[in-house]
Amino acid sequence: TVTAENGHLFVELTDQPRFEVYPESEHTFFWTVVAAQISFVTAPGGRVTHAVLHQSGRNFPMPRLDDQGAAL
């Protein structure tokens, strides 16, 4: 789950606590509590289509869930 509050971005991965992430570039952010980054991939027009978690030398694609899918 990705949320924005008061100009700050937070990411909560499955079964993990919610932590703030910090910008590394326009679409890539990093955690200070763990050696990991998250990149948001956008379609033409700027809508995020999916994210990629970069951790321990591996890349984990994460599909975007729409509001309806996320509630299931």
Work out which heavy atom in [X] is nearest to a heavy atom in [Y]; give both atom names and the distance.
{"X": "Phe10", "Y": "Glu5", "answer": "CE1-CB, 4.1 Å"}
{"X": "Thr42", "Y": "His27", "answer": "CG2-CE1, 3.5 Å"}
{"X": "Arg64", "Y": "Thr49", "answer": "CB-O, 3.2 Å"}
{"X": "His54", "Y": "Ser39", "answer": "NE2-OG, 2.8 Å"}

Give the cluster check for [X] versus [Y]: same hydrophobic cluster or not, with ILVMFWY residues linked at side-chain heavy-atom distances below 4.5 Å.
{"X": "Leu9", "Y": "Leu53", "result": "yes"}
{"X": "Val41", "Y": "Ile38", "result": "no"}
{"X": "Tyr22", "Y": "Val34", "result": "no"}
{"X": "Val21", "Y": "Val33", "result": "yes"}

With rounding to the nearest 0.5 angstrom, report the [atom1] to [atom2] distance, [X] to [Y].
{"X": "Met62", "Y": "Thr14", "atom1": "CE", "atom2": "OG1", "answer": "9.0 Å"}
{"X": "Leu13", "Y": "Phe60", "atom1": "CG", "atom2": "CZ", "answer": "10.5 Å"}
{"X": "Trp31", "Y": "Phe19", "atom1": "CH2", "atom2": "CZ", "answer": "10.5 Å"}
{"X": "Glu20", "Y": "Thr32", "atom1": "CD", "atom2": "OG1", "answer": "8.0 Å"}
{"X": "Leu65", "Y": "His50", "atom1": "CG", "atom2": "NE2", "answer": "13.0 Å"}
{"X": "Gln37", "Y": "Thr28", "atom1": "CD", "atom2": "OG1", "answer": "8.0 Å"}

(message) Is the ring pair Phe40/Phe29 parallel, tilted or perpendicular, if the boundaries are 30 and 60 degrees?
(response)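 Geometry flag for Phe29 against Phe40: perpendicular rings.
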
